[in-house]
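Take a look at the structure below.
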Amino acid sequence: MLFLGAVALVLAFSPSTYTRAHRVATARQIYLGAWQVLPWFTALSALVSLVIIRIVLVTAFSYGLSGFALEMVVRVLVLELIPLSAALFVALRAGMAFNTAALEPLAADQSPDAAWRLRRDLVAEVSGNAFAVLTLAMVSSVVVLVLAYLNVYGLSPYGLDDYTRTVGRVFEPAVTVGFAIKTVLFGLAVAVIPAAAILEIQRFGRDSTSTMQPGAVRLLFVLLVIEAGSLAVKYF
């Protein structure tokens with residue numbers, strides 16, 4: 001997995017990779033993985049987040065802790081739940097559905113043309129899935145921040161000073177860097193692990209009794225490790 005991830009990153013940042021065919025394949029994968037699902041994923045995230053925001057606000061108000069409600073919403077939703085939900089969504093929709101039928105014959109074929117097509121498909125798949133996680137997480141986070149402001153202060157512009165101070169206190173430099181690194185790691189995990197699992201099947205074969213998507217358990221485990229490591233660094 002580490003080797004494939006390193007190869008994919010080198011190819012993704014190599015100018016020679018982006019021929020016209022590579023650009024078309026990568027753009028198509030980004031469209032399928034991110035842009036096509038962005039509106040309704042954002043709407044679903046907003047709906048679920050709105051319910052959670054109302055629960056947190058009402059609970060905090062009942063205990064006389066309304067001053068901490070906004071900070072709690074930002075920490076729980078924006079920093080933790082939104083990136084993880086975006087990664088799981090892309091994994092279920094795209095990462096787990098890596099094109100096994102198309103990739104395995106290319107990996108077995110040693111001709112130059114097959115190697116070129118494998119490079120094109122691999123870079124497109126990895127780039128598209130990683131970009132999808134980053135896009136869904138960032139857009140949904142912005143929407144949740146807007147919903148949090150509207151639920152706490154309404155349409156009044158006079159809460160902006162207090163709101164920006166609270167959000168700025170949450171997103172201190174170390175937390176912001178950690179949030180960015182965690183989201184990038186989520187994207188790389190979703191992009192690389194299913195691809196590595198399929199190439200591993202091509203080399204060593206697959207258990208005929210297994211009905212799970214390639215790399216499913218491995219990917220979920222890595223996502224949980226990343227999330228647990230992030231929480232441990234921030235709060236312990």
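All values below come from the heavy atoms of this structure, side chains included, with hydrogens, waters and symmetry mates left out.
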### Query
Same cluster or not: are Val142 and Leu47 linked, directly or through other Ile, Leu, Val, Met, Phe, Trp or Tyr residues, by side-chain heavy atoms under 4.5 angstrom apart?
no

### Query
Are Val133 and Tyr31 connected in a single hydrophobic cluster, I mean Ile/Leu/Val/Met/Phe/Trp/Tyr linked by side-chain heavy atoms less than 4.5 Å apart?
yes

## Note on the structure
For Arg169, the salt bridge (Lys or Arg N to Asp or Glu O under 4.0 Å) test, sequence neighbours excluded, returns Glu71

### Task
For Arg20, check salt bridge (Lys or Arg N to Asp or Glu O under 4.0 Å) against everything at least two apart and list the hits.
none

### Query
Just wondering, do Leu223 and Phe186 contact through their side chains at under 4.5 Å, heavy atoms?
yes

### Query
Can you tell if the side chain of Met72 reaches within under 4.5 Å of the side chain of Leu65, non-hydrogen atoms only?
no

### Task
Evaluate side-chain contact (heavy atoms from CB on, under 4.5 Å) for Leu88 paired with Leu220, printing each intermediate quantity in order.
CA-CA 8 Å; Leu88 290 173; Leu220 293 176; 3.7 Å; yes

### Message
Once side chain to side chain contact (heavy atoms under 4.5 Å, CB included) is applied, do any residues pair with Ala180, and if so which ones, sequence neighbours excluded?
### Response
none

### Task
First locate atom CG of Leu147, then atom CD1 of Ile52, and finally report the distance between them rounded to the nearest 0.5 Å.
11.5 Å

### Gap between atom CG of Leu224 and atom CG of Leu219 - 0.5 Å precision
9.5 Å

### Query
Could you state the interatomic distance from CG (Leu150) to CG (Leu50), rounded to the nearest 0.5 Å?
9.5 Å

### Task
Would you confirm whether Ser230, through its side chain, and Ile226, through its main-chain N or O, come within 3.5 Å as a donor-acceptor pair?
no

### Query
Between Asp161 and Thr164, what is the shortest heavy-atom contact and its length?
O-OG1, 2.9 Å

### Query
Quick one: does Thr176's side chain have a donor or acceptor within less than 3.5 Å of a partner on Phe171's backbone?
yes

### Task
Check whether any side-chain heavy atom of Leu81 sits under 4.5 Å from a side-chain heavy atom of Val76, and report yes or no.
yes

### Message
I want to check something: taking the side chain as every heavy atom from C-beta on, are Phe179 and Ser141 in contact at a cut-off of under 4.5 Å?
### Response
yes

### Message
Do Val146 and Val56 sit in one hydrophobic cluster, given that two such residues count as connected whenever their side-chain heavy atoms are within less than 4.5 Å of each other, even indirectly?
### Response
yes

## Note on the structure
Taking every heavy atom of Ala86 against every heavy atom of Leu136, the minimum-distance pair comes out as CB-CB, 4.0 Å

### Query
Is there a chain of hydrophobic side chains (I, L, V, M, F, W, Y, each step under 4.5 Å between heavy atoms) that links Leu44 to Leu77?
yes

### Query
What residue pairs, at least two apart or across chains, pass salt bridge (charged side-chain N to carboxylate O under 4.0 Å, His left out) with a residue in residues 173-183?
Glu80-Lys182, Lys182-Glu227

### Query
Thr183 and Ala137: which non-hydrogen atoms are nearest, and at how many Å?
CG2-CB, 4.1 Å

#### Entry: From CZ (Phe68) to OG1 (Thr166), nearest 0.5 Å
10.5 Å

### Message
Please enumerate all residues that pass side chain to side chain contact (heavy atoms under 4.5 Å, CB included) together with Ala148, with sequence neighbours excluded.
### Response
Ile53, Leu70, Val73

### Task
Say whether, by atom type as modelled, one donor and one acceptor occur between the side chain of Thr135 and the main chain of Ala132 under 3.5 angstrom.
no

### Task
Could you tell me if the ring centre of Phe89 sits under 6.0 Å from that of Trp40?
yes

### Message
Are Val233 and Leu185 linked, directly or through intermediate hydrophobic residues, by side-chain heavy-atom contacts shorter than 4.5 Å (ILVMFWY only)?
### Response
no

#### Entry: Heavy-atom check, side chain of Ile82 versus side chain of Met138, under 4.5 Å
no

### Task
Scan residues 131-159 for pairs that pass ring-ring contact (aromatic ring centres under 6.0 Å, His included), counting only residues two or more places apart or in two chains.
Tyr149-Tyr153, Tyr149-Tyr163

